[in-house]
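Shown next, in structure tokens, is the structure this report addresses.
For clarity, every value in this text was computed on a predicted model and none was experimentally measured. Positions are given from 1 along the sequence.
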Amino acid sequence: MSETYIDPSPANFAAFKDLPRDRPIHMLNLLRFREKAEYPQGQENHGKGWSGQRAYEEYGRTSGPIFRRVGGAIVWRGTFETVVTGPDDMRWDDGFVAQYPHAGAFFEMIKDPEYQKAVVNRTAALADSRLVRFAPGEAGEGFG
């Protein structure tokens with residue numbers, strides 16, 4: 001994959017902010033970790049030699065209480081095996097769906113000062129990612 005994404009573009013984030021904030025949302029997270037985490041000079045975890053996966057675990061540990069406080073929950077997690085339809089070189093180290101009771105809860109989380117300290121671990125950890133908002137739908141037995 002030639003393009004990588006860690007943070008939302010201003011246009012994508014503006015589109016997200018323009019959607020309704022008062023209904024439940026699901027956020028599909030696809031993650032590819034760096035071999036070695038890349039922390040900024042002077043950050044407390046810089047120089048620890050952590051893998052990207054270890055840095056993401058730190059992100060989970062430090063952001064988890066905030067995620068749970070705003071009502072977030074992981075509703076699905078899977079382990080990547082292979083691409084069936086898509087680019088041959090696409091791969092992910094982790095994938096999950098985070099559920100929020102409403103989009104406002106997501107905004108509350110990302111504005112929290114403790115979350116903003118924690119997110120440095122996510123940035124250090126990731127080589128590439130996708131974060132895609134969905135409105136929850138009904139599960140069933142068929143595709144339609």
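Here the options are Tyr59, Tyr39, Tyr56, Trp50, the test is side-chain hydrogen bond (donor to acceptor under 3.5 Å, both in side chains), and the partner is Asn121; only Tyr39 passes.
Side chains of Phe134 and Leu28 form a contact here, defined as non-hydrogen atoms less than 4.5 Å apart. The shortest side-chain heavy-atom distance between Pro136 and Pro24 falls under the 4.5 Å cut-off. Between Asn29 and Arg130 the shortest side-chain heavy-atom distance does not fall below 4.5 Å. At least one side-chain heavy atom of Arg32 sits less than 4.5 Å from a side-chain heavy atom of Arg91. Using a 4.5 Å heavy-atom threshold, the side chains of Arg54 and Phe33 count as separate. Side-chain contact check for Leu131 versus Phe16: every heavy-atom pair is 4.5 Å or farther apart. Side chains of Leu31 and Asp93 form no contact here, defined as non-hydrogen atoms less than 4.5 Å apart.
In summary, Glu57 and Arg61 do not engage in a salt bridge, as defined by a charged side-chain N under 4.0 Å from a carboxylate O.
Linking Ile, Leu, Val, Met, Phe, Trp and Tyr residues whenever their side-chain heavy atoms come within less than 4.5 Å leaves Ile6 and Met90 in two separate clusters. Linking Ile, Leu, Val, Met, Phe, Trp and Tyr residues whenever their side-chain heavy atoms come within less than 4.5 Å places Phe13 and Met109 in a single cluster. Each of Met27 and Val132 belongs to its own hydrophobic cluster when Ile, Leu, Val, Met, Phe, Trp and Tyr are linked at side-chain heavy-atom distances under 4.5 angstrom. At a threshold of 4.5 Å between side-chain heavy atoms, the hydrophobic network of Ile, Leu, Val, Met, Phe, Trp and Tyr places Leu126 and Tyr5 in two separate groups.
Relative ring orientation between Phe106 and Tyr100 is described as perpendicular, the plane-to-plane angle rising above 60° on a 0-90° scale split at 30° and 60°.
In this structure, the separation between CZ on Arg133 and CG on Asn12 is 13.0 Å, given to the nearest 0.5 Å. From Arg21, atom CZ reaches atom NE2 of His102 across 11.5 Å, with rounding to the nearest 0.5 Å. The OG atom of Ser63 sits 10.0 Å away from atom CZ of Arg122, with the distance rounded to the nearest 0.5 Å. Atom CG in Asp128 sits 10.0 Å away from atom CZ in Arg34 (nearest 0.5 Å).
In the displayed structure, Lys48 atom NZ is contacted under 6.0 Å by more than 12 heavy atoms of other residues, nucleotides or ligands. Counting heavy atoms of neighbouring residues, nucleotides and ligands inside a 6.0 Å radius, atom CG of Asp88 does not exceed 12 of them.
Taking each heavy atom of Val119 and Gln116 in turn, the nearest pair found is CG1-O, 3.4 Å.
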Show the atom names and distances, to 0.1 Å, of all donor-acceptor pairs under 3.5 Å that link a side chain in residues 67-79 to residues at least two apart or in another chain.
from: Arg68; atom 1: NH1; to: Gly64; atom 2: O; distance (Å): 3.4
from: Arg69; atom 1: NH1; to: Glu108; atom 2: OE2; distance (Å): 3.0
from: Arg69; atom 1: NH2; to: Asp112; atom 2: OD2; distance (Å): 2.5
from: Arg77; atom 1: NE; to: Asp94; atom 2: OD1; distance (Å): 3.2
from: Arg77; atom 1: NH2; to: Asp94; atom 2: OD2; distance (Å): 3.0

